[in-house]
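Indexing begins at 1, ligand by ligand and atom by atom, following the structure's order. All residue numbers in this chain count up from 1 along the given sequence. Only a predicted model underlies this, so the values are computations on that prediction, with no experimental measurement involved.
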Amino acid sequence: FAKAQGRNQYQFFMPALNRRVSKRLQLENALRQALVRNEFRLVYQPQYYLERGLLSGSEALLRWHSALLGPVGPADFIPLAEETGLMGPIGDWVLQHACEQGAQWLAQGIAMPVAVNVSACQFLPDLPAKVAAALNVSGFEARLLVIEVTESALMQDIGRTAQLLRQLKALGVEVALDDFGTGHSSLAYLKRFALDKLKIDRSFISGLPEDADDTAIIKAMLDMARHLGLKVVAEGIETVQQQDYLASLGCEAGQGYLYAKPLAARQMTARLAAAAMYERVPA
Ligand code: C2E
Ligand code: MG
Ligand code: MG
Ligand code: MG
C-alpha cells in the first residue's frame with residue numbers, strides 16, 4: 001500500500017519538477033553558448049544631476065537575446081550565471097565592452113562616466129588587474145569608470161574588501177555601493193571602506209514623497225552620505241514629484257524611467273549630441 005501511494009506521489013510530483021529542472025538546464029546550456037555566439041549587448045541608462053538637469057553619467061546594463069530562448073532578463077540569467085561559474089567570463093566581457101564604449105565616446109569628445117555592475121563572485125583579488133587591463137586595452141580613462149558593487153559583495157570578506165577597494169581607488173576609478181539599503185552591511189563598515197558613492201535602492205524611492213517611512217529613511221540616508229562625504233545617486237525615479245522632492249533634500253543625482261529607460265549605445269550617443277553635456281573634452 002505504502003509503495004503504491006509512494007508511486008502515486010512520485011507520478012504526481014514528477015511533471016512539475018521535470019519542467020522546472022529542464023527549463024533551468026535549457027537556460028544553462030543556452031547561457032554557456034551565449035558568449036561565443038555573441039548574444040550579449042550592453043544598454044546604457046543616463047543619470048542626471050537633479051538640480052541642474054545636466055547629464056552626470058551612465059550605467060551599463062547587460063542584455064541577452066538568446067537565439068534559442070529569445071530575450072532573457074538579467075534577473076533570470078545573472079543569478080544562474082553566478083551559480084554556474086559563468087559570471088566570471090561574462091563579467092570580463094561586460095567590463096571590456098563598457099570601457100570600449102566609453103573610449104569611443106571619449107574619441108567623439110564626450111567625457112561620459114560609465115558605471116559597470118560587478119557581481120559578488122567577481123569581487124576577488126584579480127579584479128583590480130582586470131580593470132586595469134580593460135582600461136589599458138580600450139584607452140578609456142580611469143576617472144570616468146565607476147565600479148558598482150553590492151553590499152553582499154563587500155561583506156564577503158571584510159579584510160579583503162578593504163584592500164580591494166584601496167587597489168581600485170589607486171587605479172583612479174570610482175566605487176559605488178549599489179542597491180544601498182537592501183543588503184546587510186553594517187553602517188560602521190561604510191566609514192571604513194573607501195567608497196565614493198551610494199546608489200539608493202529603488203524600493204526607497206517609489207513611495208516618495210507621500211510615504212512617511214520612506215521619507216524618513218531617505219532623509220537619514222542623505223544625511224549620512226553627506227557626513228561621510230559620499231556622492232549619491234537615487235535609483236528608479238519615475239515621477240517629477242519624486243525628482244523634485246529628492247532635489248529639495250539635496251540629493252545630487254538620479255536615474256530612472258522619468259528620464260530614460262536603458263538605451264542602445266547609438267541612442268545614447270544621439271541623446272549626448274542633443275543634450276547639455278556633462279563635460280566636453282578640451283580640444
Ligand atoms: P541595478 O544595477 O540596480 O540596475 C538598475 C535596474 O533598475 C536596471 O534593471 C534598470 O533597468 C532598472 N531601472 C532603472 N530605472 C528604473 C525605473 O525608473 N523603474 C524601474 N522599475 N526600474 C528601473 P535591469 O537592467 O533589468 O538589471 C537588473 C539588475 O541586474 C541590475 O540592478 C544588476 O544588479 C543586474 N545587472 C544588470 N547588468 C549587469 C551586469 O553587467 N553585471 C552584473 N553583475 N549585474 C548586472
Ligand atoms: Mg547597478
Ligand atoms: Mg541598483
Ligand atoms: Mg537593483
For this session: Return the minimal non-hydrogen interatomic distance between Leu208 and Phe204, and the atom names on each side.
Result: CG-O, 3.7 Å
Exercise. Mind checking whether the Mg ion (ligand 2) has an N, O or S of Asp178 under 2.8 Å?
Worked result: yes
For this session: Would you check if the Mg ion (ligand 2) lies under 2.8 Å from any N, O or S atom of Asp179?
Result: no
Exercise. Any idea which N/O/S atom from Glu59 gets closest to the Mg ion (ligand 2)?
Worked result: OE2
For this session: Provide the atom name of the closest N, O or S atom of Glu148 relative to the Mg ion (ligand 2).
Result: OE1
For this session: Determine whether the side chains of Gln96 and Glu100 contain a donor N or O and an acceptor N or O closer than 3.5 Å.
Result: yes
Give yes if a backbone or side-chain nitrogen or oxygen of [X] is under 3.5 Å from a nitrogen or oxygen of ligand 1, and no if not.
X      : value
Ser119 : yes
Leu62  : yes
Gln255 : no

For ligand 1, which atoms, with element, lie under 4.0 Å from some heavy atom of [X]?
X      : value
Pro262 : 11 (O)
Val94  : 41 (O)
Glu238 : 17 (C), 18 (O), 19 (N), 20 (C), 21 (N)
Gln45  : 14 (C), 15 (N)

Answer side chain, backbone, both or neither: which part of [X] comes under 4.0 Å from ligand 1, heavy atoms only.
X      : value
Arg202 : side chain
Val116 : neither
Lys261 : neither
Asp178 : side chain

Can you tell whether the side chains of [X] and [Y] come within less than 4.0 Å, N to carboxylate O?
X      : Y      : result
Arg24  : Glu83  : yes
Glu174 : Lys231 : yes
Arg202 : Asp179 : no

Quick check for you: to the nearest 0.5 Å, what is the distance between [X] atom [atom1] and [Y] atom [atom2]?
X      : Y      : atom1 : atom2 : answer
Gln33  : Leu86  : CD    : CG    : 10.5 Å
Glu210 : Gln242 : CD    : CD    : 8.5 Å
Arg271 : Met268 : CZ    : CE    : 7.5 Å

Taking a cutoff of less than 4.0 Å between a non-hydrogen atom of the residue and any ligand atom, is [X] in contact with ligand 1?
X     : answer
Glu82 : no
Ile90 : no
Met87 : yes

For this session: Run down the list Leu61, Ile78, Ile205 and name the one with the heavy atom closest to atom 39 (C) of ligand 1.
Result: Ile78
Exercise. For atom 24 (P) of ligand 1, which candidate among Gly73, Ala115, Pro74 provides the closest heavy atom?
Worked result: Pro74
For this session: Indicate if Val137 and Val173 have the same hydrophobic cluster label, given that clusters are the connected sets of ILVMFWY residues with side-chain heavy-atom separations under 4.5 angstrom.
Result: no
For this session: Report yes or no: do Val232 and Ile217 belong to one cluster of Ile/Leu/Val/Met/Phe/Trp/Tyr joined by side chain heavy-atom distances under 4.5 Å?
Result: yes
Taking distance alone, no hydrogens or angles, what donor-acceptor pairs closer than 3.5 Å link side-chain atoms of residues 60-77 to residues at least two apart or in another chain?
unit_1, atom_1, unit_2, atom_2, d
Trp64, NE1, Glu39, OE1, 2.9
Ser66, OG, Leu68, N, 3.1
Ser66, OG, Leu69, N, 2.9

Exercise. Considering only N, O or S atoms, which atom of Glu235 is nearest to the Mg ion (ligand 3)?
Worked result: OE2
For this session: Could you label the plane-to-plane angle of the Tyr259 and Tyr48 rings as parallel, tilted or perpendicular, counting under 30° as parallel and over 60° as perpendicular?
Result: tilted
Exercise. Can Arg52 be said to sit on top of Tyr49's aromatic six-ring, NZ or CZ under 6.0 Å from centre and within 45° of the ring axis?
Worked result: yes
